[in-house]
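One structure is given below, encoded as structure tokens.
Each chain gets a letter, A, B and so on, in the order the sequences are listed, and its residues count up from 1.
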Protein chains: 2
Amino acid sequence: MARKRPTMKDVAARAGVGFKTVSRVINGEPGVTERTAERVHLAAAELHYRRDMTAGNLRRATGRTDSLGLLVASVDNEFDAALHRAIEDAAQQHRVSIFTGSTDEDPDRERQLALGLLARRVDGLVLMPSPGDLSYLQHEIDLGTPIVAVDRPPHGITVDTVMADSTQGARDAIAHLIDHGHRRVAVLTHLGTLHTAAQRIAGARRRWEDAGLPANDLQVVDGLTTEAETAQALLDLLDGEDPPTAVFTARNQITTGAVRALQQRGLQREIALMGFDDFGHADLLDPAISVVKQDPGQLGHRATQRLLARLEDHSLPVEHLVLGTTLTLRQSCGCGG
Amino acid sequence: MARKRPTMKDVAARAGVGFKTVSRVINGEPGVTERTAERVHLAAAELHYRRDMTAGNLRRATGRTDSLGLLVASVDNEFDAALHRAIEDAAQQHRVSIFTGSTDEDPDRERQLALGLLARRVDGLVLMPSPGDLSYLQHEIDLGTPIVAVDRPPHGITVDTVMADSTQGARDAIAHLIDHGHRRVAVLTHLGTLHTAAQRIAGARRRWEDAGLPANDLQVVDGLTTEAETAQALLDLLDGEDPPTAVFTARNQITTGAVRALQQRGLQREIALMGFDDFGHADLLDPAISVVKQDPGQLGHRATQRLLARLEDHSLPVEHLVLGTTLTLRQSCGCGG
DNA sequence: CTGAAAGCGCTTACAG
DNA sequence: CTGAAAGCGCTTACAG
């Protein structure tokens with residue numbers, strides 16, 4: 001049962017040295033005899049000493065805790081998890097640990113999580129911002145805790161952002177469908193208040209108009225939050241007058257919802273489908289699903305690099321990085337492998 | 001550029017009170033006039049004061065940091081991510097933040113991550129143990145940092161464990177295949193050094209023997225680490241003499257590897273397939289894949305409960321919790337919906 | 001090369 | 001109801 005953890009003082013006593021010497025040895029600082037260092041290492045090992053970084057940080061000049069916070073929509077979302085892994089890997093090389101949290105796109109939950117991490121003095125925050133106002137975070141930034149937004153821009157704060165080119169990705173998807181003869185296309189998206197949805201709708205619309213096609217023939221349904229809701233929405237469209245011959249889905253969950261509806265009607269080979277964002281077994285489905293790929297690994301890597309860079313130099317100019325997407329043709333749009 | 005963060009002293013000065021009073025107000029302790037409290041709240045808001053929990057913890061009697069560590073094989077693995085989310089939710093109700101890390105089943109990386117979190121004085125650790133020796137963690141437990149192992153038992157330490165009943169799950173899978181007339185079955189698993197693989201192989205073998213079937217007709221291939229490797233292994237089996245009529249795959253990635261091989265040979269409707277552990281779009285595949293379901297949400301929830309309980313009472317007896325699995329029949333074993 | 005003192009931002013234990 | 005002192009486990013700045 002819980003003995004007290006040994007401190008540097010305990011190690012010092014056992015090694016017969018001053019405790020500042022222990023500090024030197026533990027931190028690998030120069031200016032200690034090999035013999036002394038060995039005695040200290042031995043004593044530390046015998047006592048199972050583990051340094052307390054949280055205590056060390058308190059007095060430390062830089063004030064760094066070597067930890068950072070990551071807030072995504074949900075850690076068990078495939079895209080978010082891929083992002084998480086990339087951020088972990090980028091951070092680990094710098095020996096910084098990472099706190100994670102799921103906002104569920106809820107500004108209140110996001111606020112509670114963010115303030116909790118700030119109270120634990122993370123060095124910085126990688127944030128997939130909810131649609132809410134984040135101006136309360138501006139003071140934290142001014143006080144020296146940098147934030148970088150991923151996947152979409154935040155409301156109410158000016159920070160570095162790293163995201164995929166949703167507009168261009170949607171344009172590419174729609175262009176492909178048009179090129180393959182589709183003149184009646186459904187666009188299914190998540191909440192229009194989310195930047196990614198808005199951008200993907202905008203990109204689709206613009207490309208449609210550029211082709212001189214009648215606006216009404218691009219049917220946009222947004223606000224879809226679940227697979228079931230998506231499936232139902234598509235079913236309604238299919239059963240309506242002038243059903244679409246192709247569907248563009250703006251996000252994973254929506255893509256699979258659409259697959260469900262098409263399978264249910266047995267139309268998965270008749271109606272073309274193109275999704276935004278790749279997902280685990282897209283290529284195992286029959287037909288395999290064509291998608292606009294974004295690169296969560298790159299997004300996470302670049303966001304972390306930016307955060308770490310800003311930690312070194314807080315005066316860096318704010319940067320907005322937009323990463324390209326890749327049209328990945330499989331079979332669901334009637335043209336791939 | 002980074003002004004210094006205000007401290008309780010700064011707030012006290014601005015509110016014209018002693019800084020202990022600020023501490024009382026910030027922590028919601030009783031014994032402060034409403035009027036005084038208001039002045040303090042106002043000053044804190046004006047200065048954008050954020051308490052420093054890491055400093056507070058240093059002197060605090062309990063020594064708690066209200067944070068815990070979670071180490072899984074990889075945060076972007078579907079099962080691990082579901083576990084992660086459940087743990088986050090269970091922890092959040094107690095306002096504890098969570099550090100995460102991916103071991104990649106590598107004992108060295110695991111050690112580095114674990115020691116890093118310990119140095120940051122997490123209150124406890126939820127660990128999906130790598131196959132390596134973890135006895136170095138025994139001292140941490142003795143020193144008051146509880147650990148609970150999930151998904152599999154750890155080597156070298158005695159701790160609470162929470163895992164799914166792999167043996168019974170495998171028995172159920174094999175029993176089902178036998179009942180449906182299969183007399184030549186392949187078992188495909190990951191590294192045999194991993195407890196889950198060993199248990200699933202053992203469960204399968206035992207049930208096979210219980211049915212009085214010749215041991216040789218249950219072909220076990222273990223050590224499979226990637227989808228590609230799995231697909232190749234199954235292809236070899238299919239091309240060999242006496243190919244199996246059914247396949248039992250011990251894990252997600254292996255199941256999808258098997259799907260790939262079957263699709264490649266066009267045998268997905270001829271050869272029965274049963275996987276251990278459900279996965280995202282198992283029911284969207286054609287045929288939909290039958291699986292033995294485990295419940296990562298329950299595993300995570302129970303593990304966290306146990307850890308938090310032990311934090312309250314370090315003398316709790318060590319407990320090993322085994323959660324049941326559910327046979328979920330779809331189409332891939334020729335019998336489901 | 002080594003160590004004693006002061007201080008980080010809080011909480012604890014105590015005094016008024 | 002309020003506050004001054006001591007202390008948590010370290011690092012910093014300084015002295016020998």
Item to complete: Round to a whole Å and report the spacing from CG of A/D52 to C1' of C/dC10.
Response: 14 Å

Discussion item. Rounded to whole Å, please give me the gap between CZ in B/R60 and C1' in C/dT12.
Written reply: 11 Å

Practice prompt. Look at all strands and tell whether A/N27 reaches a base, only sugar-phosphate, or nothing, counting heavy atoms closer than 4.0 Å.
Written response: sugar-phosphate

Worksheet, complete the sentence: Rounded to whole Å, the CE-C1' distance (A/M53 to D/dC8) equals 18 Å

Fill in: Side-chain N,O (B/K20) to OP1/OP2 (C/dC14) below 4.0 Å
no

Item to complete: Hunt down the Watson-Crick or G-U wobble partner of C/dA13, both distances under 3.5 Å, from any strand shown, or write none.
Response: none

Fill in: Point-to-point distance, once rounded to the nearest 0.5 Å, from CG of B/L113 to OG of A/S97
7.5 Å

Worksheet entry | Pair A/S102, B/E88: side-chain N/O donor-acceptor within cut-off below 3.5 Å | yes

Practice prompt. Find which nucleotide of DNA chain D each of A/T54 and A/T62 is nearest to by heavy atoms, and output the residue with the more 5' nucleotide.
Written response: A/T54

Worksheet item: How long is the line joining OH of B/Y49 and P of C/dG9, in whole Å?
Response: 10 Å

Practice prompt. Side chain of A/R59 only, please: which of D/dC10, D/dT2, C/dT11 is the nearest?
Written response: D/dC10

Discussion item. Quick check: on DNA chain D, is the nucleotide nearest A/A55 upstream (toward 5') of the one nearest B/V17, or the reverse? Name the residue that is more 5'.
Written reply: B/V17

Item to complete: Under 4.0 Å between any heavy atoms, over every strand shown, what does B/G56 touch: base, sugar-phosphate, or nothing? Just pick one.
Response: sugar-phosphate

Discussion item. If you count heavy atoms of other groups shown closer than 6.0 angstrom to CZ of B/R302, is the number above 12?
Written reply: no

Worksheet item: For C/dA4, which nucleotide in any strand shown is its Watson-Crick or wobble partner with both distances under 3.5 Å?
Response: none

Worksheet entry | Rounded distance in Å - CD1 (B/I26) to C1' (C/dG9) | 13 Å

Response to the item:
Checking C/dG3, C/dC8, D/dT2 against the side chain of A/R24 (C-beta onward), the nearest is C/dG3

Item to complete: Could you give me the CA-CA distance, side-chain angles and deciding distance for A/R51 and A/N27, then say whether side chain to side chain contact (heavy atoms under 4.5 Å, CB included) is met?
Response: CA-CA 9 Å; A/R51 78 194 297 181; A/N27 291 296; 2.5 Å; yes

Worksheet, complete the sentence: Taken to the nearest whole Å, CZ/B/F19 to C1'/C/dT11 is 9 Å

Worksheet item: Are B/R120 and B/T65 linked by a side-chain donor-acceptor pair shorter than 3.5 Å?
Response: no

